Amino acid sequence: MTEAWGPDDDEPRPHSGPVRVRVPAKINLHLGVGPLRPDGYHELNTVYHAISLFDEITARHGDTLTLTMEGEGTGELALDETNLIIRAARALAARARVPAYARLHLRKSIPLAGGLAGGSADAAATLIACDLLWGLGLGRDELADVGAQLGSDVPFLLYGGTALGTGHGEAVSPILARPTTWHWVVAIADGGLSTPAVYRELDTLRDSSWPPAPLDSADRLMAALRQRDPEVLAAALGNDLQPAALALRPQLADVLKAGTEAGALTGLVSGSGPTCVFLAATAAHAQEIAGRLTAAGVCRAAVTARGPQPGARVI
Ligand code: C5P
């Protein structure tokens, strides 16, 4: 007997739910910031790197769109229409012309406003979760297109790994390097920093040192990645936003100093801060640095992380 094989059998179908998606935090190994563009963004040359700090979104069917949360920042994060998770679900539903009905739950570990793209990570996870829950079957590239309108870092967090980001960060090309695990220590600060405020501070600092530096290419960093030597990578890490983050939060200089005194190969502010990240030679070295940083009392918490990690994916 031949099996009936309907024409729709390859079509994606709604998932009965729940759908659980895990998404990593990002750091920038290189963050070259160009001048302010007329649209309010700065042109970037950045190297994104996904690390093992994760948020998790669970999506279930519902007859409206709701969001609940637990973990880091509970009570501080608005769970209304301004939330990037709600905006991601609505943007995806509008693109696919389906009703935005889901019960979403966020388990948060990535600190809020920390320079680790926690908000963008949650938006990326929501796109993956709702795409599957609603049976839309959009590819990652199409989801990245929706995500780019939500935040500059959202497309990267759909892909993960280590990738070059251009435009205002939304144009992502994976960097194909032989697999190497890098060991990091992440120093989490008390309180966040506003990304627009840090970019504005950079513009102010640059106005007083006209002409501005040209947009720095990521070539040196990419060459360092290929050498797979942490000492070489340490010498190539850089962040144009660091002076602005330090101007707004001078205590970060103490965190960076404490990290290098604890034995890190180097340290830098992550994205727009205030999280600082330190490169270690090995997993054991990272543990040791995290212990010393915790004992130094310069940050709320110091944890180890590994990169690269895959982007938002169903677990
Ligand atoms: O894209 P995202 O929502 O994360 O950006 C937040 C803010 O950070 C922007 O509104 C802008 O003020 C600033 N930004 C920028 N240049 C970029 C990325 C972000 O000035 N390339």
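Every number for a ligand or one of its atoms is a count from 1 in the order of the listing. The structure presented is a predicted model; accordingly, all values stated were derived computationally and were not measured.
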- Each residue besides Leu176 in its hydrophobic cluster should be listed here, by chain and number; the cluster joins Ile, Leu, Val, Met, Phe, Trp and Tyr at side-chain heavy-atom distances under 4.5 Å.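 Leu176 clusters with nothing; isolated.
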- Output the distance between atom CZ (Arg313) and atom CZ (Phe54), rounded to the nearest 0.5 Å.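 Arg313 atom CZ to Phe54 atom CZ measures 10.0 Å (nearest 0.5 Å).
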- To the nearest 0.5 Å, how far apart are CZ in Arg20 and CG in Leu132?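 Nearest 0.5 Å value for the CZ-CG distance: 13.5 Å.
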- Taking atom types as modelled and ignoring hydrogens, do the side chains of Thr195 and Ser272 form a donor-acceptor contact shorter than 3.5 angstrom?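 Distance-only check passes for Thr195 and Ser272.
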- Message: Tell me which residues fall inside the under-4.0 Å heavy-atom shell around ligand 1.
- Response: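 Contacts of ligand 1 under 4.0 Å: Gly40, Tyr41, His42, Leu44, Gly151, Ser152, His168, Thr195, Pro196, Tyr199.
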- Task: Check each of Thr68, Thr58, Thr66 against His105 using the side-chain hydrogen bond (donor to acceptor under 3.5 Å, both in side chains) test, and report the only one that passes.
- Result: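 Answer after filtering Thr68, Thr58, Thr66: Thr68.
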- Query: Which atom names give the shortest non-hydrogen contact between Ala305 and Ser52, and what distance separates them?
  - Reply: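 Ala305 and Ser52 have their closest heavy atoms at CA-OG, 3.3 Å.
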